[in-house]
Amino acid sequence: MIRREDEKMVKNDDIEEVKRKAQTLIEALPYIKKFNGKKIVVKYGGSAMLDENLKFNVIQDVALLKLVGLRPVIVHGGGKEISKWIDRLGMETHFQNGLRVTDEPTLEVAEMVLNNVNRSLVGLMSKVGLNAVGISGKDAGLLKVQKKFSDGKDIGYVGEVVETDSSVIDSLLDADFIPVIAPIGMGIEDDHDYNINADDCACAVATSINAEKLVFLTDIEGVFTDPMDKKTLISEMTVEEAQELIDDGVVGGGMLPKLQNCIDAMNNGVSRVHILDGRLEHCLLLEFYTDTGIGTAIRKANDA
């Protein structure tokens, strides 16, 4: 039996919890007002695509973003799943400077996997009440590419985006759908299908629709001045400061091309870029709607 004083303590705890929830909503209010009606692009990849619980959390975040007035566009990867299927089929994988050499059979596997990932994400969104449509960069001439080379060497059907037509995205957004985009484009010279790096694809899409925000879900917490010291996480920096990190050799490895993509996107019209740890539950909501945020935000110098 709960004693009277214990019952009072339970009720007080409940009230404090409700107050904390209310404070969270109040903290989110100015951000909800600021970003209402704005277009955002979320590049969805890494562990958040492989763990079913994390995947559902991301979809829940996207649902809430949509319900509070944002206009999300999803660009997804699938590199780990492609590698798994290539191994399962007994095919050999070759890399050139860290880039997968994509011959015709490898491209077929990549398209199969990316189409499966695309359908899976659209299905999950439907389960939480979202109207989503899966497309690729081939649809309606969205992404036209040219062959990408690695240090002058041919790496097969890997494309670099050179031309975009966002009319299909604009039409879907205007009809209240969420576009879910697979990173496959059409060759501008040969009309052949090409695999596109998902980060590159997200940048091209964000630039083409003049997105307010571009978000990268990754397997790291953000950008560090010293990757071995978690205390050196940079929570916010300007485009110029990001370029200095590259020029000074502070960042390297996989972060180097990602950060360069961020800079290029902002130099071409995107207002703000976020690099978030997709392994953290509800990372999108924490970054967008709290004062502190949880990843690295890159802004323009005049955008305080």
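Positions are given from 1, in the same order as the sequence printed here. All values below were derived from every heavy atom in this structure, side-chain atoms included, with hydrogens, water molecules and symmetry-related copies excluded.
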- Quick one: are K213 and F35 in side-chain contact, heavy atoms under 4.5 Å? yes
- Message: In this structure, would L67 and L172 fall into the same cluster of hydrophobic residues linked by side-chain contacts under 4.5 Å?
- Response: no
- Establish whether I209 and V161 are linked, either directly or via other cluster members, by ILVMFWY side-chain heavy-atom contacts under 4.5 Å. yes
- Task: Please determine if K144 and D165 form a salt bridge, counting it only when a charged side-chain N lies under 4.0 Å from a carboxylate O.
- Result: no
- Query: Which value, rounded to the nearest 0.5 Å, describes the distance between S136 atom OG and D193 atom CG?
  - Reply: 7.5 Å
- Just by modelled atom types, is the N116 backbone N or O under 3.5 Å from a matching donor or acceptor in the S120 side chain? no
- Message: Please give me the minimum heavy-atom distance between N118 and G134, naming the atom from each residue.
- Response: OD1-CA, 2.9 Å
- Message: Quick one: does any side-chain atom of T296 pair with a main-chain N or O of I234 as donor and acceptor, under 3.5 Å?
- Response: yes
- Item | Side-chain heavy atoms of H76 within contact of L121, under 4.5 Å | yes
- Output yes when a side-chain donor or acceptor of E241 lies under 3.5 Å from a complementary backbone atom of T238, and no otherwise. yes
- Indicate yes or no: does R71 engage D170 in a salt bridge with an N to O separation below 4.0 Å. no
- Item | Approximate separation, where rounding is to 0.5 Å, of L64 CG and L284 CG | 10.0 Å
- Query: Which residues satisfy the ring pair (Phe, Tyr, Trp, His ring centres under 6.0 Å) test with H274, sequence neighbours excluded?
  - Reply: F288
- With distance as the sole test, does T218 use its side chain to make a donor-acceptor pair with the main-chain N or O of L276 at under 3.5 Å? yes
- Donor-acceptor pair, N268 side chain versus D264 backbone, under 3.5 Å? yes
- Query: What residue among I74, V41, V73 forms side-chain contact (heavy atoms from CB on, under 4.5 Å) with I181?
  - Reply: V73
- Item | Qualifying residue for side-chain contact (heavy atoms from CB on, under 4.5 Å) with C262, from I275, D199, L214 | I275
- Salt bridge or not for R272 and E236, using N-O below 4.0 Å? yes
- More than 12 heavy atoms of other groups within 6.0 Å of E240 CD: yes
- Same cluster (ILVMFWY, side-chain, under 4.5 Å), V128 and L217: yes
- Message: The test is side chain to side chain contact (heavy atoms under 4.5 Å, CB included); show your working for V273 and N261 and say whether it passes.
- Response: CA-CA 10 Å; V273 179; N261 275 330; over 6 Å; no
- Give the C-alpha distance, both sets of side-chain angles, the deciding distance and a yes or no for salt bridge (Lys or Arg N to Asp or Glu O under 4.0 Å) between K66 and D176. CA-CA 9 Å; K66 181 74 166 61; D176 207 32; 2.5 Å; yes
- side chain to side chain contact (heavy atoms under 4.5 Å, CB included) between I178 and N131, intermediate numbers included: CA-CA 6 Å; I178 297 177; N131 293 321; over 6 Å; no
- Task: Quick one: pull up CG in L142 and CD1 in I184 and give me the separation to the nearest 0.5 Å.
- Result: 12.0 Å
- Query: Should L65 and Y289 count as side-chain neighbours, where that means a heavy-atom distance under 4.5 Å?
  - Reply: yes
- Does atom NZ of K38 have more than 12 heavy-atom neighbours from other groups under 6.0 Å away? no
- Message: What I'd like to find out is whether the side chain of V223 reaches to under 4.5 Å of the side chain of M237, using heavy atoms alone.
- Response: yes
- Message: If the test is side-chain contact (heavy atoms from CB on, under 4.5 Å), which one of I294, N57, L54 qualifies with H282?
- Response: N57
- Do the side chains of V205 and T164 get nearer than 4.5 Å, heavy atoms only? no
- Can you list every pair that meets salt bridge (Lys or Arg N to Asp or Glu O under 4.0 Å) and has a residue in residues 100-121, with sequence neighbours left out? E111-K138
- Message: Under 4.0 Å between a side-chain nitrogen and a carboxylate oxygen: does that hold for D219 and K80?
- Response: yes
- Message: Pair T102, I155 - check side chain to side chain contact (heavy atoms under 4.5 Å, CB included), show working.
- Response: CA-CA 6 Å; T102 305; I155 52 175; over 6 Å; no
- Task: With rounding to the nearest 0.5 Å, note down the distance linking CG in L107 to CE in M112.
- Result: 12.0 Å
- Message: Within the structure provided, determine whether K55 and Y44 are in side-chain contact (heavy-atom separation under 4.5 Å).
- Response: yes
- Item | Verify same cluster id: L286, I298 (apolar side-chain graph, 4.5 Å) | no
- Straight-line distance of E81 CD to K84 NZ, nearest 0.5 Å: 3.5 Å
- Item | same_hphob_cluster(L70, V62) at 4.5 Å side-chain heavy-atom cutoff | yes
- Is any side-chain heavy atom of N197 less than 4.5 Å from a side-chain heavy atom of P183? no
- Message: What verdict does the side chain to side chain contact (heavy atoms under 4.5 Å, CB included) test give for V162 and V145, after you've listed the backbone C-alpha separation in whole Å, the side-chain angles of each residue and the deciding distance to 0.1 Å?
- Response: CA-CA 5 Å; V162 293; V145 307; 5.5 Å; no
- Test item: I246 and L256 side chains (from C-beta on) under 4.5 Å apart, heavy atoms: yes
- Task: I would like to know whether R279 and D277 meet salt bridge (Lys or Arg N to Asp or Glu O under 4.0 Å); could you show each step before the answer?
- Result: CA-CA 5 Å; R279 300 167 300 180; D277 186 352; 2.8 Å; yes
- Query: Taking atom CZ of F149 as the centre, does the number of heavy atoms from other residues, nucleotides or ligands within less than 6.0 Å exceed 12?
  - Reply: yes
- Pairwise distance OG(S271) to CD1(I40) - rounded to 0.5 angstrom: 12.5 Å
- Message: Tell me whether T232 contacts the main-chain N or O of D229 through its side chain, where contact means a donor paired with an acceptor under 3.5 Å.
- Response: yes
- Item | side-chain hydrogen bond (donor to acceptor under 3.5 Å, both in side chains) pairs, two or more places apart, involving residues 152-163 | K147-D154
